[in-house]
Protein chains: 4
Amino acid sequence: MTISEPQATREAVLDAALAVFTEHTYGGAAMSVLASRAGVAVGTIYRHFPSKEALGNAVYRRWKVQLGEHLFDDADAGSIRAEFGRIWRGMLRFAAAHPDAFAFLELQQHGSYLDAESVEVTRRIEQAGAAFVVRGQQTGEIRDGDPAVLVALVYGAFVGLAATDRAGAGLDEGRLQLAEDAVWDMLRAR
Amino acid sequence: MTISEPQATREAVLDAALAVFTEHTYGGAAMSVLASRAGVAVGTIYRHFPSKEALGNAVYRRWKVQLGEHLFDDADAGSIRAEFGRIWRGMLRFAAAHPDAFAFLELQQHGSYLDAESVEVTRRIEQAGAAFVVRGQQTGEIRDGDPAVLVALVYGAFVGLAATDRAGAGLDEGRLQLAEDAVWDMLRAR
Amino acid sequence: MTISEPQATREAVLDAALAVFTEHTYGGAAMSVLASRAGVAVGTIYRHFPSKEALGNAVYRRWKVQLGEHLFDDADAGSIRAEFGRIWRGMLRFAAAHPDAFAFLELQQHGSYLDAESVEVTRRIEQAGAAFVVRGQQTGEIRDGDPAVLVALVYGAFVGLAATDRAGAGLDEGRLQLAEDAVWDMLRAR
Amino acid sequence: MTISEPQATREAVLDAALAVFTEHTYGGAAMSVLASRAGVAVGTIYRHFPSKEALGNAVYRRWKVQLGEHLFDDADAGSIRAEFGRIWRGMLRFAAAHPDAFAFLELQQHGSYLDAESVEVTRRIEQAGAAFVVRGQQTGEIRDGDPAVLVALVYGAFVGLAATDRAGAGLDEGRLQLAEDAVWDMLRAR
DNA sequence: AATGAATGAGGATTCATTCAT
DNA sequence: CATGAATGAATCCTCATTCAT
């Protein structure tokens with residue numbers, strides 16, 4: 001019943017990796033820097049992850065999955081508009097609670113080191129988004145057309161908004177409301 | 001009637017740099033790969049650009065400026081909606097004509113190697129976008145609220161759309177019309 | 001009872017550096033040559049010294065300090081002439097025991113890579129020499145005049161002598177006695 | 001009967017080479033820097049000297065020969081002491097008139113790029129010095145012993161003095177007289 | 001499990017030299 | 001004769017990975 005030390009080390013490495021990758025880019029982050037940030041020796045990292053690439057993928061998946069859970073976890077309650085609000089504010093909450101993680105996910109989106117499983121995680125989220133759009137189209141609340149395009153537009157808009165925020169422009173309540181309204185108008189029928 | 005050699009070499013290097021940076025990331029691109037792609041020796045690159053960083057900035061600026069010219073060059077003719085259409089299709093034309101360049105600009109947006117002048121070029125384009133939004137707000141055609149937020153949403157949406165396209169999903173006429181209509185609905189008043 | 005490894009590696013690198021710097025000049029010595037001479041990989045050198053410059057300074061200081069200890073370590077016993085003999089033969093012993101080190105010190109005397117601390121080490125030795133001269137001037141055994149000039153003449157003469165030796169001319173007992181006598185006559189009053 | 005342009009270019013290159021070699025070291029001096037200092041193109045240097053090494057040797061010989069002429073040119077007039085004075089002040093005049101050249105000669109003394117002819121020039125000067133010493137020994141004015149050793153001591157002392165001067169300590173009339181007297185006492189019999 | 005010294009391939013950059021103009 | 005763009009081998013340094021302790 002001892003504290004699971006190895007698990008704790010693994011967590012420490014993942015946390016340090018997120019911070020260092022976000023700060024220096026995956027390619028620009030040295031394992032030694034990462035190790036000292038995690039408070040372990042370089043060799044120790046290799047006990048938990050077979051390579052830098054594997055570590056990068058582990059970080060990516062860990063957070064991409066969490067982002068997905070933030071968006072589509074609970075049952076659909078109420079109207080499509082209400083559901084959109086929940087999704088949108090879920091993204092907002094995630095980006096606010098884990099700005100490093102969100103920035104990392106965007107920056108590494110096209111990281112050449114991402115493996116099939118990581119890509120799959122990404123695809124699942126996009127599909128969940130598309131499923132929501134299709135549902136809305138069936139009720140007539142969301143405009144017709146390729147759901148993938150609409151998902152791309154909405155997610156892109158959100159990323160643009162988050163980038164603005166990261167760049168220093170504070171996002172107050174008014175701006176957040178403006179954004180949500182505008183994006184919903186992009187999505188909704190009519 | 002020969003082409004001025006040094007200038008031609010410089011162009012070849014800039015072209016190769018765009019291709020290789022887009023393919024491998026700025027950080028992941030080796031100067032030697034870049035050189036052989038350009039058909040010159042490594043040393044030759046350094047006769048034209050003092051460092052990899054300078055080369056990266058030159059590529060960034062060259063295309064960011066061109067993107068800007070695609071968007072806001074000609075006089076504003078007609079309604080705000082028409083102007084929006086021109087800007088949107090300008091982005092579309094640019095992304096279609098120079099997909100590498102567009103991808104590079106997005107990926108390197110936050111490249112830590114970008115210098116003050118490169119950042120300034122970016123800022124100027126964003127300001128031109130904001131100016132357009134303000135004009136539309138004054139005529140009542142564009143919804144009220146912080147222009148920077150609206151610009152971020154629109155540009156983000158476009159980037160998302162372009163990423164989808166790059167990922168393999170073809171963008172036919174219908175999808176393009178859908179995107180333009182949806183984004184305009186995000187922007188317009190009411 | 002094993003020898004502490006890292007320390008041993010450090011020593012091996014310092015020794016190899018002295019040999020290679022002396023043979024090829026600081027500027028002309030490639031780190032790769034130095035590494036193989038030390039029997040380690042290039043990267044290993046950089047675990048012990050942050051840069052070639054730092055290594056050069058470490059070698060310089062290591063030996064300059066030793067030279068200083070050879071000259072001025074023990075208490076002054078007997079006359080000024082006896083003390084001069086001790087200093088002179090101290091230099092001789094040092095140059096004979098560590099010909100590489102002595103040659104290196106001379107050649108790199110004005111190395112532009114020497115940092116403040118290295119220059120300080122040099123200055124301390126010159127000051128010890130000047131202090132000896134002043135003492136001799138106070139007892140009337142050494143000629144009057146700027147001690148710095150006299151130190152420069154004596155040390156210069158010694159360097160010239162050592163260079164002759166290195167050039168191949170053997171220095172037998174007779175020649176050494178001649179040199180010591182001559183240099184003392186340069187120094188002494190009257 | 002035109003002005004011999006090529007000769008003038010050659011001179012300009014030799015002058016620039018002296019300056020740049022002294023400032024940056026033979027090894028540290030780039031041909032391109034040298035070229036722009038001389039006001040010619042890099043390629044032009046190679047019309048006059050087959051390689052950097054040849055240029056280095058040309059500079060070395062040009063000045064070493066001049067130094068020799070400063071020392072031993074005119075007929076021996078008067079006593080050995082007077083002749084010593086002439087030689088010593090000849091060195092002084094040379095070092096004062098061409099400090100760059102003197103520094104260069106010392107620094108490059110052991111330059112591995114010096115070829116046989118350059119070494120021969122050096123040897124001739126040392127021999128002239130030895131011949132003077134022998135003459136003095138025959139008249140009983142200079143102490144007995146290996147002339148090479150005495151020449152090394154005297155020349156070494158002079159180099160030490162010049163180094164002191166270059167290091168910033170001004171050499172006024174008093175100091176110069178002190179040095180000459182002291183060095184003569186090193187040389188003279190008794 | 002953890003450590004951290006050692007490795008060496010690989011990267012950015014320099015520079016003597018060549019040669020077409 | 002002069003030019004200077006081009007070359008590519010060589011340099012310093014970094015960093016993912018291994019392995020003896």
Side-chain angles (χ1 to χ4, degrees), chain A residues 5-6 8-10 27-36 39-56, chain B residues 2 4-10 12-13 27-36 38-55, chain C residues 2 4-10 13 27-36 38-55, chain D residues 5-6 9-10 27-36 39-56:
Chain A
E5 259 291 14
T9 300
R10 202 190 136 89
M31 291 297 272
S32 59
V33 170
L34 214 152
S36 62
V40 300
V42 229
T44 303
I45 297 180
Y46 284 85
R47 301 228 137 249
H48 295 272
F49 304 93
S51 68
K52 188 185 181 184
E53 193 173 319
L55 174 56
Chain B
T2 61
S4 89
E5 261 297 8
Q7 201 60 8
T9 301
R10 203 190 137 91
V13 170
M31 291 297 272
S32 58
V33 170
L34 214 153
S36 59
V40 300
V42 215
T44 301
I45 298 180
Y46 285 88
R47 286 197 63 73
H48 294 273
F49 304 94
S51 66
K52 187 184 181 183
E53 193 173 320
L55 175 57
Chain C
T2 60
S4 88
E5 260 297 8
Q7 201 60 7
T9 300
R10 202 191 138 90
V13 170
M31 292 298 271
S32 59
V33 170
L34 214 153
S36 60
V40 300
V42 211
T44 302
I45 298 180
Y46 285 88
R47 286 196 64 72
H48 294 273
F49 304 94
S51 67
K52 187 184 181 184
E53 193 173 320
L55 174 57
Chain D
E5 259 291 17
T9 300
R10 203 190 136 91
M31 291 296 271
S32 59
V33 170
L34 214 152
S36 61
V40 301
V42 230
T44 303
I45 297 181
Y46 284 85
R47 300 229 136 249
H48 294 273
F49 304 94
S51 68
K52 186 184 183 184
E53 193 174 319
L55 174 57

Interatomic distance, [X] [atom1] vs [N] [atom2] [rounded to whole Å]:
X: C:R10; N: E:dA6; atom1: CZ; atom2: C1'; result: 17 Å
X: A:L55; N: F:dC15; atom1: CG; atom2: P; result: 16 Å
X: C:K52; N: E:dT14; atom1: NZ; atom2: C1'; result: 13 Å
X: A:F49; N: F:dT18; atom1: CZ; atom2: C1'; result: 18 Å

Quick one: which of [options] gets closest to the side chain of [X]?
X: A:A41; options: F:dT17, E:dT3, E:dA12; value: E:dT3
X: D:Y46; options: F:dC13, E:dG4, E:dA16; value: E:dA16
X: D:V42; options: E:dT3, F:dC13, F:dG4; value: F:dG4
X: B:S51; options: E:dT17, E:dA12, E:dT13; value: E:dT13

Could you give the distance from [atom1] ([X]) to [atom2] ([Y]), rounded to the nearest 0.5 Å?
X: A:I45; Y: A:L55; atom1: CD1; atom2: CG; result: 7.0 Å
X: B:H48; Y: B:Q7; atom1: NE2; atom2: CD; result: 8.5 Å
X: C:L34; Y: C:K52; atom1: CG; atom2: NZ; result: 8.0 Å

Could you identify the nucleotide paired to [N], looking across every strand shown and requiring Watson-Crick or G-U wobble geometry with both distances under 3.5 Å?
N: F:dA9; value: E:dT14
N: F:dC15; value: E:dG8
N: E:dT21; value: F:dA2

> In terms of the nearest nucleotide of DNA chain E, which residue is placed more toward the 5' end: D:G27 or D:G43?
Replying inline: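 Result of the comparison: D:G27.
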> Nearest nucleotide by nearest heavy atom, which residue falls closer to the 5' end of DNA chain F, D:T44 or B:G39?
Replying inline: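 Here D:T44 is the residue nearer the 5' end.
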> Want to settle it: does A:R47 or B:I45 sit nearer the 5' end of DNA chain F, counting the closest nucleotide to each?
Replying inline: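 Nearest nucleotide further toward 5': that of B:I45.
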> Which is true for B:A35 with a 4.0 Å heavy-atom rule: it touches a base, it touches only sugar-phosphate, or it touches nothing?
Replying inline: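 Here B:A35 touches no strand at all.
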> Closer than 4.0 Å, any side-chain N/O of A:T9 to the OP1 or OP2 of E:dA2?
Replying inline: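 Checking A:T9 against E:dA2: at least one side-chain N or O falls below 4.0 Å of OP1 or OP2.
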> Is B:H48 near enough to F:dA6 that one of its side-chain N or O atoms lies under 4.0 angstrom from OP1 or OP2?
Replying inline: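 So the side-chain polar atoms of B:H48 do come within 4.0 Å of the phosphate oxygens OP1 or OP2 of F:dA6, strictly under.
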>> Using atom P in both nucleotides, what's the gap between E:dA1 and F:dT21 to the nearest angstrom?
In response: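 Result for the P pair: 22 Å, nearest Å.
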> Closest heavy-atom contact between C:A41 and C:A35?
Replying inline: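 Taking C:A41 first and C:A35 second, the nearest heavy atoms are C-CB, 4.0 Å.
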> Which atom pair, heavy atoms only, marks the closest approach of C:A38 to C:V13?
Replying inline: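 That closest heavy-atom pairing would be CB-CA, 4.1 Å.
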